[in-house]
S.K.: 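Okay, handing you the structure first.
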Amino acid sequence: MTSTESAAANDTPAHRYSGALAQSIEADWQDRWDAEGTFETPNPAGPLADPAAVAGRPKKFILDMFPYPSGAGLHMGHPLGFTATDIYARYQRMTGHNVLYTMGFDAFGLPAEQYAVQTGQHPAITTDQNIANIRAQLRRLGLSHDPRRSISTTDPEYYRWTQWIFLQVFNSWCDPDTKKARPIDELVAEFDSGVRQPTSGSWSAMSPAERRAELDEWRLAYVSDAPVNWCPGLGTVVANEEVTADGRSDRGNFPVFKRNMRQWMMRITAYADRLIDDLDLLDWTDAIKAMQRNWIGRSEGATVHFGSAAGPLTVFTTRPDTLFGATFMVLAPEHPFVDTLTTPEQAHAVAAYRRAAEAKKDIDRQDDTREKTGVFTGSYATNPMNGAQVPIWIADYVLMGYGTGAIMAVPCGDERDFAFARTFGLPIVAIQQPADRSLDTSTWDDAYVGDAPYVNSSNESLALDGITSIAEAKRLTIDWLVAHGHGEGTTTYKLRDWLFSRQRYWGEPFPIVYDEDGSPHSLPASALPVLLPDTDQFSPRTFDPDDAMSNPESPLDRLGDWVWIEADLGDGPRRYRRDTNVMPQWAGSCWYELRYLDPTNDDSFVDPENERYWMGPQSEGASGGVDLYVGGVEHAVLHLLYARFWHKVLFDLGHVSSCEPFHKLFNQGYILAAAYQDERGMYVDAFGVEESNGTYTFEGRPVTREYGKMGKSLKNAIAPDEVCGQYGADTLRLYLMSMGPLDASRPWESKDVVGV
RNA sequence: GCCCGAGUGGCGGAAUGGCAGACGCGGGGGACUCAAAAUCCCUUGUUCGCAAGGACGUGUGGGUUCGAGUCCCACCUCGGGCACCA
């Protein structure tokens with residue numbers, strides 16, 4: 001009996017309701033799709049090449065954010081995006097396009113490792129099982145993926161190239177003149193020829209070790225002893241992007257402490273301007289672009305040097321035009337000048353305040369509701385504009401990590417400075433004449449922020465008085481500062497360099513070894529992949545989550561046989577110590593779209609011809625990149641920022657022809673889903689209505705609570721002029737129904753349905 | 001507080017400044033059937049009217065225009081992001 005006949009025999013109303021007939025028909029077709037390679041996509045070059053099939057067909061590269069292979073399988077957010085891309089991909093094929101559409105797995109990371117620790121099973125085993133399970137689920141959904149192009153970030157043949165790209169980054173520097181990455185050898189050549197000078201000292205007089213240290217200062221990937229986010233509860237350091245606003249870890253919700261530690265960093269700040277400016281080339285929503293701009297946080301202003309007993313005290317301000325109104329200075333409690341500036345009379349109070357600020361660091365610092373605290377150091381600074389002696393205070397509303405860690409306070413024009421001045425009785429001098437206020441600031445209720453003619457703002461060589469334009473006053477002030485050597489125009493960013501090492505097991509090892517001096521050396525590309533060593537001790541060292549003074553300890557540290565190696569890196573065989581950190585989960589997802597293009601290439605991470613074909617700019621000045629990228633908005637400042645950064649480095653070094661990885665981005669939003677139960681089992685639907693009393697109903701029945709919301713129709717957002725069938729809730733509803741009854745024993749949690 | 005975005009039938013949602021509500025869901029009526037399901041046909045913004053036909057309609061109030069869902073100003077509501085960033 002064929003499966004169609006058996007399906008017909010089972011064609012009872014109950015079977016139809018449960019979808020058994022539909023599933024058996026689907027299974028026949030899915031077998032045939034596999035057997036005939038229906039969805040296999042030809043490349044112009046390499047092992048998957050079929051130039052005749054490529055010729056004359058415009059290309060479309062359609063991409064989903066690839067899933068983490070969770071043990072629970074796909075969650076219901078996944079089919080929302082996958083369905084949309086599948087429909088779009090099928091439509092594009094039917095209209096003559098050569099469509100690249102496949103699916104991979106972002107499989108390194110903490111959940112697999114934590115599960116392994118609990119069960120004693122190696123994460124590679126559970127990861128493989130989970131991937132097999134999800135592949136079966138994807139197949140059952142009938143998605144038209146090219147199965148030959150599927151990858152997993154944990155496959156050594158994949159992470160070999162992740163390590164290779166790391167080496168490209170490590171062996172590069174960002175030319176400050178062009179803001180582009182160049183090979184480190186070219187920096188050496190510039191030092192040799194004297195075209196460029198080292199940051200300190202003379203290149204020709206440097207020892208080999210000094211030269212190595214100098215070069216490390218320039219690299220795009222570098223080891224730094226700087227304040228990082230140490231999370232004892234996770235046993236690892238984490239990136240800024242992975243710390244929540246209340247100072248806890250994004251994953252696990254453990255306390256995070258700022259500690260100076262020696263860690264790998266990526267110089268993403270060197271790309272800050274391009275990461276902002278190139279957003280203009282992208283077809284992304286304003287919301288996501290705004291999030292990236294805000295995260296990068298570019299502020300244009302000036303640095304100004306005030307005279308102080310500890311030397312020039314430099315501040316950053318976006319309002320240099322208000323310098324005449326600076327009536328006091330405020331330093332972050334951690335500022336290095338504090339010790340020198342504190343007078344004996346104030347020493348006790350300053351020390352107490354610094355201790356208190358240190359103690360309340362993360363969470364508490366958020367909690368106190370903008371009540372201004374601070375302490376006078378006893379010292380004064382000299383305002384370069386008018387020679388005024390202004391008191392220097394310390395306060396925790398000034399952050400060491402932004403600007404210079406010191407501010408000039410202009411209470412007449414800044415709310416925070418105004419509040420601080422009022423709290424501590426510091427002078428407030430008006431430097432603008434608002435139309436509706438007196439110049440007597442004791443009558444003011446708040447700071448005045450806006451255009452108004454300047455007053456009290458002139459000295460013997462600069463006259464701002466009477467000017468009404470803030471922009472003009474800024475320009476005149478900066479010109480004056482430069483002319484008199486008191487400062488210059490400056491741009492600062494909130495973005496910090498990307499902390500790139502983790503003290504975990506389940507990640508990509510670094511292709512780096514250290515010599516006896518502790519200097520890092522890159523391994524040659526021929527040594528790749530650096531395989532993650534096998535062990536049964538993949539559990540990280542666990543700490544008391546509140547023990548800020550504990551020290552991270554990578555599981556790889558314990559593997560002595562692996563850690564120490566003999567190698568000849570150009571100056572004879574020597575003994576080296578391997579780097580025992582692993583890369584963060586984001587590493588593998590920074591370039592996976594490129595590997596889909598050429599998944600079996602052993603000679604390079606992607607053949608240039610294939611990259612040009614699928615990703616290359618379609619017109620002069622265009623960014624190039626993936627034609628449609630669908631995924632969750634929660635990656636707006638994590639994956640999407642990191643991937644753009646790596647892609648730009650690869651672009652600068654000539655490895656890719658596209659300057660951006662993802663040309664069009666669509667965030668599918670969340671599913672408004674309702675799970676409900678009746679005599680036939682538990683079902684889920686893509687509708688749900690919130691009643692005014694806060695309960696949820698579906699078709700008049702109460703349902704389990706909530707589950708996000710669904711944005712505008714996918715149809716409209718994806719391709720208003722290329723509609724094939726209906727997208728959105730109705731289609732989604734059919735797909736979700738086709739998945740059959742849910743496991744009623746596993747209640748839906750909001751995280752199951754929020755985000756993809 | 002600051003920065004984005006969105007408000008159109010019962011629902012999802014269409015509309016280069018030019019017949020608002022395409023397409024679909026849901027609803028109503030009919031065909032087929034012993035009856036249902038599926039399928040097909042008609043109908044479906046509100047309102048007045050027996051009808052022909054008319055009036056009113058895109059969050060609110062103004063404005064520009066021969067003409068505004070669309071452009072401008074002010075406001076209201078909802079959603080999202082950031083939050084002592086100098």
Side-chain angles (χ1 to χ4, degrees), chain A residues 11-14 16-17 21 240 244-246 279 284-304 314-320 322-323 325-326 328-332 357 365-374 395-411 413-420 423 446-447 449 490-496 632-634 636-637 667 669-670 672 685-690 698-700 708-717 720-721 723-734 754-755:
Chain A
D11 183 18
T12 65
R16 266 178 290 174
Y17 190 86
L21 173 64
N240 291 332
T244 61
D246 58 352
L279 287 173
W284 294 13
T285 62
D286 292 340
I288 297 288
K289 289 185 180 183
M291 276 190 247
Q292 291 222 341
R293 283 196 195 94
N294 291 342
W295 184 262
I296 294 167
R298 177 161 65 189
S299 300
E300 287 168 25
T303 47
V304 185
T314 303
V315 302
F316 173 75
T317 177
T318 57
R319 293 293 303 276
T322 64
L323 257 164
F328 58 99
M329 315 280 294
V330 187
L331 309 187
R365 209 152 150 169
Q366 306 287 331
D367 281 349
D368 57 9
T369 51
R370 289 162 193 255
E371 195 67 24
K372 287 287 179 287
T373 62
D396 65 7
Y397 82 92
V398 176
L399 310 172
M400 194 60 223
Y402 183 76
T404 63
I407 63 161
M408 64 174 204
V410 183
D414 182 280
E415 292 298 345
R416 294 153 302 167
D417 298 344
F418 187 90
F420 193 85
T423 303
D446 56 8
V449 185
T490 308
T491 303
T492 62
Y493 305 88
K494 282 194 258 186
L495 183 71
R496 321 272 179 82
V633 71
E634 69 274 15
V637 291
N667 294 110
Y670 302 141
L672 173 57
D685 202 281
F687 287 115
V689 179
E690 183 176 6
F698 171 70
E699 292 180 350
K709 59 182 193 289
M710 188 149 102
K712 283 239 165 186
S713 98
L714 297 169
K715 167 186 156 188
N716 186 36
D721 55 338
V723 177
C724 173
Q726 290 295 309
Y727 306 137
D730 299 322
T731 304
L732 182 66
R733 171 188 223 180
L734 293 175
V754 168

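First the proteins, then the strands, lettered A, B, ... as listed; each starts at 1.
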S.K.: Would you mind telling me which of B:C3, B:A86, B:G5 lies closest to the side-chain atoms of A:D286?
M.R.: B:G5

S.K.: Would you mind reading off the distance between A:R293 atom CZ and B:G5 atom P, rounded to a whole angstrom?
M.R.: 10 Å

S.K.: Taking atom C1' of B:C84 as reference, at what distance in whole Å does atom CG of A:D396 sit?
M.R.: 9 Å

S.K.: Across all strands, who's sitting opposite B:G9 as a Watson-Crick or G-U wobble pair, both distances under 3.5 Å?
M.R.: none

S.K.: Take the protein atom CE of A:M291 and the nucleotide atom C1' of B:C2, then report the distance between them rounded to whole Å.
M.R.: 15 Å

S.K.: Start at the 5' end of RNA chain B and walk down; is the nucleotide closest to A:R319 or to A:W295 reached first?
M.R.: A:W295

S.K.: For B:U39, which nucleotide in any strand shown is its Watson-Crick or wobble partner with both distances under 3.5 Å?
M.R.: B:A31

S.K.: Indicate, yes or no, whether a donor-acceptor pair under 3.5 Å links the base of B:C84 to the side chain of A:K372.
M.R.: yes

S.K.: For A:F420, check ring-ring contact (aromatic ring centres under 6.0 Å, His included) against everything at least two apart and list the hits.
M.R.: A:F328, A:W393, A:Y397, A:F424

S.K.: Should A:T404 be listed as having a side-chain N or O under 4.0 Å from OP1 or OP2 of B:A86?
M.R.: no

S.K.: Please name the nucleotide paired to B:A15 by Watson-Crick or G-U wobble geometry with both distances under 3.5 Å, or report none.
M.R.: none

S.K.: Distances for protein N/O vs nucleotides 76-78 of chain B N/O pairs under 3.5 angstrom?
M.R.:
none

S.K.: Starting from P on B:A86, measure out to NZ on A:K494 and report it in whole angstrom.
M.R.: 7 Å

S.K.: What residues form a side-chain contact (heavy atoms from CB on, under 4.5 Å) with A:T318, not counting sequence neighbours?
M.R.: A:S299, A:F316

S.K.: Could you tell me the Watson-Crick or G-U partner of B:G1, where both distances fall under 3.5 Å? Say none if there is no partner.
M.R.: B:C82

S.K.: Round to the nearest Å and state the distance from A:D414 atom CG to B:A83 atom C1'.
M.R.: 14 Å

S.K.: Rounded to whole angstrom units, what separation is found between the CG atom of A:L323 and the P atom of B:A86?
M.R.: 15 Å

S.K.: Could you tell me the separation between the CD1 atom of A:I288 and the P atom of B:C82, rounded to a whole number of Å?
M.R.: 11 Å

S.K.: Taking the C1' atom in each of B:G21 and B:U70, what is the distance between them to the nearest angstrom?
M.R.: 15 Å

